[in-house]
Amino acid sequence: MINLIQTISAWAIPVIVVLIPCYGFIKGVKVYDTFVEGAKDGFKTVVNIIPYLVAMMVTINILRASGTLELLIYGVEPILKYFNIPKEIFPLVILRPLSGSGSMAFVNSIFQTHGPDSLLGKMASTIIGSSETTFYVVAVYFGAVGIKDSRYAIPIGLIADVAGFLAGVFICNLVFKSY
């Protein structure tokens, strides 16, 4: 069964890439012209979201370089101790909504320091899998279509991120702490 799934996984993308142009050709669509038009729209989208991405990346670098992140961890340490949340994992709460690559770099540092099979490594992996890069998603998708008022998207996304963080910590403590 696993071999069948691996074979389907290996062939799924190439088959889709071949089938879509063939289907368009059969339907009488000018496949190459349509592809070029789509590529032009993609380029316009990239140009539109660049200012939002630059603003987000500058903010992340300022937080890290200024030491604000470490100061924030120091401030919330008593709360983390009360809820049995390791302080080493807390920066993921701040980094994950801002940057996927920044949070992955942080998880990599946890892996290098404590090991991927450690409780912290498992927590970091679980938190990454159960949260989202909320600000990045809002910047890219809302920026792509020109929406300036995100309304409830950011607060709801952040609540979901915190829920994913707390659930990840709770479940990993419950399942892996004794091992």
Do Tyr23 and Val31 sit in one hydrophobic cluster, given that two such residues count as connected whenever their side-chain heavy atoms are within less than 4.5 Å of each other, even indirectly? no
Return the OG to CD1 distance between Ser118 and Ile110, rounded to the nearest 0.5 Å. 8.0 Å
Does a side-chain heavy-atom distance below 4.5 Å link Ile147 with Val138? no
So does Tyr141 have more than 12 non-hydrogen atoms from other groups sitting under 6.0 Å from OH? no
Atom pair OG (Ser99) and CD1 (Ile94), whose distance is rounded to the nearest 0.5 Å: 13.5 Å
Residues passing the salt bridge (charged side-chain N to carboxylate O under 4.0 Å, His left out) test with Lys148, sequence neighbours excluded, are none
Under the salt bridge (charged side-chain N to carboxylate O under 4.0 Å, His left out) test, residues paired with Lys44 that sit two or more places apart: none
On a heavy-atom basis, the closest approach of Ile154 and Phe135 is CG2-CE2, 3.6 Å
Atom pair NE2/CG of His114 and Leu120 - distance to nearest 0.5 Å: 5.0 Å
I'd like to check the side-chain contact (heavy atoms from CB on, under 4.5 Å) partners of Ser103; sequence neighbours left out, ordered by chain and number. Leu92, Leu95, Arg96, Ile128
Above 12 or not: heavy atoms from other molecules or residues under 6.0 Å from CZ of Phe170? no
Can you name the nearest heavy-atom pair linking Ile73 to Pro91, along with the distance? CD1-CG, 3.2 Å
What pairs with Glu70 under side-chain contact (heavy atoms from CB on, under 4.5 Å), at least two apart in sequence or on another chain? none
Does Thr133 use its side chain to pair, donor to acceptor, with the backbone of Tyr136 at less than 3.5 Å? no
Rounded to the nearest 0.5 Å, how far apart are CD1 of Ile156 and CG of Asp161? 11.5 Å
Please say yes or no: joined through hydrophobic side-chain contacts below 4.5 Å, possibly via intermediate residues, are Tyr74 and Leu72 part of one cluster? no
Does Ile159 belong to the same Ile/Leu/Val/Met/Phe/Trp/Tyr cluster as Phe90, with side-chain heavy atoms less than 4.5 Å apart forming each link? no
For Lys122 and Asp117, the nearest pair of non-hydrogen atoms, with its separation, is CE-O, 3.3 Å
With Val18 via side-chain contact (heavy atoms from CB on, under 4.5 Å) - residues at least two apart: Cys22
Sub-4.5 Å side-chain heavy-atom contact between Met123 and Pro86: yes
Please give me the minimum heavy-atom distance between Phe111 and Pro116, naming the atom from each residue. CD2-CA, 3.6 Å
Reported CG-to-CG distance for the pair Asn84 and Asn173, which is rounded to 0.5 angstrom: 5.0 Å
Results of side-chain contact (heavy atoms from CB on, under 4.5 Å) for Ser130 - residues two or more places apart only: Thr126
Rounded distance (nearest 0.5 Å) linking atom CZ of Phe142 with atom CZ of Arg151: 10.5 Å
